[in-house]
Amino acid sequence: MYDILASGKPGKGELMNRETKRFSLTLDMVRTIRSHPFEVVDGDTGNMLEIRLENDGVPVDLTGRYVCMVFRSCIGTALQDADSGIALGSETGTFTIDLLPGSYGPGNVSADVQVYSGADRGTLITSTRFTFRCRNALLNGETMRAQATYPPLVAATREATAATEAARAAAEAAAAAADALEAPVVEIGTVTTGEAGTAASVENVGTGRRAVLNFSIPQGVQGPAGPQGPQGEPGGLAAHAHTAADITGGVLPLARGGLGADTEAGARSNLRTNIQTFYTLEQLGLTRGEETLPSIYAALPDGGRLVFRVAADCAGIYPTAYGVFSIEKTGTYARLLFVSVSSTAGAAGASWAGSMYGAEVFSGWKFLPQARSMTRNMLSIGSTSSNASFYWKNDANEVGLVIQCKVNATLSAGTQIGTLPAGYRPTATLLLPMSYKEVRSLRIYADGKIDIANGSVASGEYIGANAVFPT
């Protein structure tokens with residue numbers, strides 16, 4: 001796929017006092033050529049790639065084209081272009097790029113080159129992918145400078161040892177003196193720890209031939225901090241104590257079913273970073289009706305899922321109305337699902353696109369449609385004046401759930417509103433954001449119980465939520 005040549009010599013036009021590390025690569029849009037990997041150090045600012053770009057062996061003319069390089073690493077996805085380090089070379093199909101430390105993190109890094117051309121640069125071609133390794137630097141914020149003197153702890157230990165020897169010598173001297181007398185008696189009185197830096201001492205508080213020795217031995221000076229210990233076991237509910245003031249002040253911990261904050265911004269942050277794995281198009285910054293699979297995938301954080309109900313036929317993109325569309329992101333892979341059913345309770349679905357598994361996004365999407373016919377079941381929701389909530393399941397034990405109802409009584413946090421029957425329940429507790437109430441969620445337990453997770457829903461308001469989950 002690429003050829004590599006590392007060099008420590010300064011490039012053309014560079015100052016002689018600037019040392020750079022150059023790696024030469026040849027990439028092809030079509031052909032795959034194996035070569036040796038290379039390695040950079042995290043935090044280095046002198047790494048440069050010299051790229052020769054070909055299309056089936058022919059150099060690519062980059063004049064007037066938009067050229068960018070996309071990186072994927074442990075810190076996410078980053079892009080560099082002409083505004084951030086890319087410079088076209090004098091030869092056709094060549095360019096250089098200064099590798100910015102913020103474009104990748106430690107570990108394996110994958111990258112490819114994208115070239116936009118044509119009218120309004122609407123034509124995109126992407127090179128074959130190459131990888132390199134970024135290792136951690138040995139020098140960091142925890143590195144200690146070597147000292148010519150003993151460390152404080154070693155010096156303190158030596159002082160304590162010397163004090164002990166002095167005390168022993170004093171005791172032996174007292175014993176020898178007692179031997180010279182008639183039946184002397186030597187006893188050890190108290191042994192105390194003195195302040196760091198003070199001298200050791202022995203005091204005889206006895207009388208006559210009865211010696212009682214009190215010892216004072218200084219403690220060592222404070223040594224340097226030790227290394228970080230391992231992560232402890234997570235605490236249980238008892239560790240999340242809270243006071244009456246927390247509750248009356250509107251701050252209830254997340255572990256007690258609250259929001260963990262008394263402001264809207266704090267509650268939003270807690271829900272999204274600590275609990276919520278389901279997202280809406282608006283939360284991802286996407287415009288409804290203009291979203292695409294790649295744009296959804298790029299916006300989702302790792303482990304996140306977007307689930308929404310299709311209310312009408314979307315120009316043939318989705319098979320039919322009354323269905324649920326789900327995309328879940330895991331690393332560089334995405335899992336897609338679309339389930340559609342009849343609009344009449346108990347009737348078989350018109351069609352089901354089935355489970356669709358995406359290959360690596362940069363290599364394009366692959367779909368494995370599975371035609372199925374399912375029955376939609378009505379889900380009973382309490383305290384409602386109108387209810388259009390349903391659930392169903394496919395052959396892969398995946399449950400689709402649509403909750404749409406109008407309540408006729410105020411429902412507070414913890415109020416149970418319904419129950420999923422056995423065989424349609426999640427393997428673990430799920431938190432679903434309500435589509436009609438921001439910073440409000442429904443909770444589905446492994447025993448099928450459905451309740452209001454936080455906040456409240458007033459009489460006359462709507463509850464809306466959608467989910468697809470394994471059972």
Side-chain angles (χ1 to χ4, degrees), residues 1-7 11-14 20-118 120-135 294-295 297-299 302 331-332 359-364:
M1 181 184 297
Y2 49 86
D3 297 322
I4 305 171
L5 175 62
S7 172
K12 297 179 179 180
E14 296 186 36
T20 61
K21 189 187 296 183
R22 290 170 171 262
F23 303 92
S24 297
L25 293 83
T26 298
L27 301 178
D28 197 285
M29 295 294 184
V30 178
R31 300 186 300 169
T32 298
I33 305 173
R34 296 188 177 277
S35 185
H36 297 289
F38 65 95
E39 182 179 73
V40 298
V41 179
D42 187 29
D44 280 7
T45 58
N47 296 316
M48 176 181 288
L49 299 183
E50 296 176 335
I51 305 295
R52 178 179 179 84
L53 192 61
E54 299 179 349
N55 190 350
D56 201 14
V58 178
V60 178
D61 185 2
L62 302 178
T63 305
R65 312 289 173 83
Y66 174 77
V67 181
C68 66
M69 182 170 288
V70 182
F71 302 86
R72 179 69 177 179
S73 67
C74 64
I75 64 172
T77 304
L79 178 145
Q80 287 187 233
D81 56 14
D83 294 330
S84 54
I86 288 183
L88 298 184
S90 58
E91 295 184 17
T92 301
T94 63
F95 67 91
T96 61
I97 176 171
D98 289 317
L99 294 181
L100 303 180
S103 294
Y104 49 84
N108 291 325
V109 183
S110 59
D112 53 30
V113 177
Q114 296 184 349
V115 178
Y116 292 81
S117 62
D120 297 326
R121 295 178 178 176
T123 301
L124 166 66
I125 57 174
T126 303
S127 72
T128 53
R129 182 170 300 177
F130 68 94
T131 61
F132 60 93
R133 179 78 179 171
C134 176
R135 65 175 174 86
S295 67
Y297 176 87
D302 194 23
T332 58
E360 288 189 69
V361 173
F362 296 112
S363 298

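- With values rounded to the nearest 0.5 angstrom, Leu49 atom CG is found 11.5 Å from Lys21 atom NZ.
- With Glu50 contributing its side chain and Gly89 its backbone, the two residues share no donor-acceptor pair below 3.5 Å.
- Looking at heavy atoms from C-beta onward, Leu100 lies out of side-chain contact with Phe71 at the 4.5 angstrom threshold.
- Here the straight-line distance linking atom OG of Ser103 with atom CD1 of Ile97 works out to 7.0 Å at 0.5 Å rounding.
- Ser73 and Gly105 get closest at one heavy-atom pair: OG-N, 3.0 Å.
- Note: Leu25 CG to Ile51 CD1 = 4.5 Å, rounded to the nearest 0.5 Å.
- A 4.5 Å side-chain heavy-atom check between Asp28 and Thr26 finds every atom pair outside the cut-off.
- In terms of heavy-atom proximity, Gly57 sits nearest to Arg31 at CA-NH2, 3.4 Å.
- For the pair Asp56/Met29, no side-chain contact is recorded, criterion being any heavy-atom separation below 4.5 Å from C-beta on.
- Side-chain contact between Arg72 and Asp112: absent, with no pair of heavy atoms (C-beta onward) separated by less than 4.5 Å.
- Across all non-hydrogen atoms, the minimal contact from Gly85 to Gln80 is CA-NE2, 4.3 Å.
- Nearest heavy-atom pair across Arg52 and Pro59 is NH2-CG, 3.3 Å.
- Asp81 places a side-chain N or O within 3.5 Å of a backbone atom of Asp83 that can act as its donor or acceptor partner.
- Asn108 places a side-chain heavy atom less than 4.5 Å from the side chain of Arg133.
- One finds the CZ atom of Arg22 at 7.0 Å from the OG1 atom of Thr96 (value rounded to the nearest 0.5 Å).
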Quiz item: Between Phe38 and Asn47, is a side chain to side chain contact (heavy atoms under 4.5 Å, CB included) present by the stated rule, with each step listed?
Solution: CA-CA 11 Å; Phe38 65 95; Asn47 296 316; over 6 Å; no

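- To the nearest 0.5 Å, atom OG1 of residue Thr94 and atom CD of residue Glu54 are 11.0 Å apart.
- When all heavy atoms of Gly102 and Ile75 are compared, the closest pair comes out as O-CD1, 3.6 Å.
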Practice problem: With side chain to side chain contact (heavy atoms under 4.5 Å, CB included) as the test, would you mind laying out the steps for Val60 and Leu62 before giving the verdict? | Solution: CA-CA 6 Å; Val60 178; Leu62 302 178; 3.8 Å; yes

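- One N or O on the side chain of Ser127 and one on the backbone of Val113 form a donor-acceptor pair closer than 3.5 Å.
- In terms of modelled atom types and a separation under 3.5 Å, the side chain of Asp61 and the main chain of Thr63 share a donor-acceptor contact.
- Below 30°, between 30° and 60°, or above 60°: for Tyr104 and Phe132 the angle between ring planes is above 60°, a perpendicular geometry.
- Residues Arg121 and Gly64 share a closest heavy-atom pair of NH2-O, 3.5 Å.
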